[in-house]
Amino acid sequence: MSSKKKQLAILGSTGSIGTQTLDVVKNNPSLFKVFLLSAHSNHMLLFNQAKKFKPKYVVINTAVGYDFLKKNLNKKHTKVFFGAAELEQLVTEKDINLVVNGVVGSAGLMPTVCAIKAGKNIALANKETLVVAGQLIMNLAKQHNVSVLPIDSEHSAIFQCLVGEKNENIHKLILTASGGPFLSVKKSDFKYITVKKALKHPNWNMGPKISIDSATLMNKGLEVIEAYWLFNVSMEKINVIIHPESIIHSLVEFCDGSTKAQMGVPEMTTPILYALSFPKRIPYKTDVLNLAQIANLSFLKPDFKKFPHLKLAYDVLKMGGTAPCALNAANEVCVEAFLNKKIKFIDMIKIIEKSLENFIFVAQPKLDDYLYVDHETRQMVNNLISRS
Ligand code: NDP
Ligand code: MG
């Protein structure tokens, strides 16, 4: 019955996570209904999605996109809104049951805050939200009795391993990392890395920003911080292991020596579906593991010298306060500059490290402090880039 359907607000519907979330919805029309879709600039794709899924609202961030959608969408089915401020209002609508956040970058923070304050459960792919303001988000979620359900595959794996377990029995969280496209490239050859090569992830097909983060291993660093806030364990208990096949999505070691792992083919629809259907599991047609064909799984220790981004994430987590927020902002600006060919692959870490010598540290930040530090760090890093 339609009243039983979970009504979804899908933020970043035009991205890799957003489109895969819509695939899950398309394949489960009796369970899910799209209430709201939001995108940044890709108004043509948003238009096609709106025609197909008939959401009550769409939100777009460009004036040209807004005009196009206003003109071409049937307003009997779908109302069109413009920009971040409207989105922050719309995510609080009473009919929304779950907000799926597939936005990239710290732009995902404010709609998450607004949705949590309105008591909405969050299916979170946007890891930057937790990296920037993990403490604030988890406190708000507790205060408003809201679930933050991870979509990131490693965190979904840990979340699944922890069902029925007690937090005090966790000995270690072990995040797996594919190692990215440059796992076996010599550090001395990193100076030759091009944007095209860095975008070519061996196992996953993702948006450009997370693909570059996977190539530097910053993605794993951000995920360490994400795990810290989601699972409430000390940072010493969060470990990373390189597992090039991306079959084990992460593991939890318990105090009695037992280790649980969650496995599956490297496909985001599985963790998306889990977050959408939790606490239930629902049947879904997808590829399953053929272990005999896979035959071997391999593991190795991460090389912190070769991939200093990962070490930096542990460092800022230890510093606390606004340090992870500053790291995230510096990284976002550097990744964009690398994608636009303004700086080289090896420049990213130098500029990020330089910016962390001089960022604004607030030990007990409030929301405004995070927004201020995010803004100021971006400006500082842009200056560093234009001078480099
Ligand atoms: P994409 O780049 O593919 O998509 C990003 C989405 O966010 C698009 O819909 C884009 O709109 C929108 N967007 C971009 N900038 C803004 C902005 N300033 N304000 C509002 N919306 C914006 O990214 P992914 O889907 O790959 O990643 C999304 C998030 O999920 C990231 O945080 C990533 O780390 C995380 N994640 C992704 C995985 C994956 O497999 N892709 C796996 C695990 C986590 P438009 O395209 O219309 O401009
Ligand atoms: Mg991940």
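Read the numbers this way: they start at 1 and go in the same order the structure lists the ligands and their atoms. We use all heavy atoms of the structure for the numbers below, so side chains are in, but hydrogens, waters and symmetry mates are not.
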Mutual orientation of the aromatic rings belonging to Phe47 and Phe68 [parallel < 30°, tilted 30-60°, perpendicular > 60°]: perpendicular

Spatial distance of atom CD (Glu332) from atom CG (Leu222) [nearest 0.5 Å]: 9.0 Å

Distance, nearest 0.5 Å, that separates CZ of Phe254 from NZ of Lys260: 5.0 Å

Rounded distance (nearest 0.5 Å) linking atom CD of Glu128 with atom CG of Asp213: 7.0 Å

Taking a 3.5 Å cut-off between nitrogen or oxygen atoms, can you list every pair linking ligand 1 to the protein, with distances?
residue, atom, partner, partner atom, Å
ligand 1, 3 (O), Ser16, N, 2.9
ligand 1, 7 (O), Val104, N, 3.4
ligand 1, 9 (O), Gly12, O, 3.2
ligand 1, 9 (O), Thr14, N, 3.4
ligand 1, 9 (O), Thr14, OG1, 2.7
ligand 1, 9 (O), Gly15, N, 3.1
ligand 1, 11 (O), Thr14, OG1, 3.2
ligand 1, 11 (O), His40, N, 3.1
ligand 1, 19 (N), Asn61, ND2, 3.4
ligand 1, 25 (O), Ser16, N, 3.1
ligand 1, 25 (O), Ile17, N, 2.9
ligand 1, 26 (O), Gly207, N, 2.9
ligand 1, 30 (O), Ala125, O, 3.4
ligand 1, 32 (O), Glu128, OE1, 2.6
ligand 1, 41 (N), Ser16, OG, 3.0
ligand 1, 46 (O), Thr14, OG1, 3.2
ligand 1, 47 (O), Thr14, OG1, 2.7
ligand 1, 47 (O), His40, N, 3.2
ligand 1, 47 (O), Ser41, N, 3.0
ligand 1, 47 (O), Asn42, N, 2.8
ligand 1, 48 (O), Ser41, N, 3.0
ligand 1, 48 (O), Ser41, OG, 2.6

Whether Tyr66 and Phe82 hold their rings parallel, tilted or perpendicular, with breakpoints at 30° and 60°: perpendicular

Between Lys51 and Asn72, a side-chain donor and acceptor under 3.5 Å: no

Verify same cluster id: Ile122, Val104 (apolar side-chain graph, 4.5 Å): no

Steps toward side chain to side chain donor-acceptor pair (under 3.5 Å) verdict (Ser178, Asn203): CA-CA 8 Å; Ser178 70; Asn203 304 336; 4.7 Å; no

Residue-atom pairs from the protein, N, O or S only, that lie under 2.8 Å from the Mg ion (ligand 2): Asp152 OD1, Glu154 OE1, Glu223 OE2

Polar contact flag, side-chain donor to acceptor under 3.5 angstrom, Gln262-His249: no

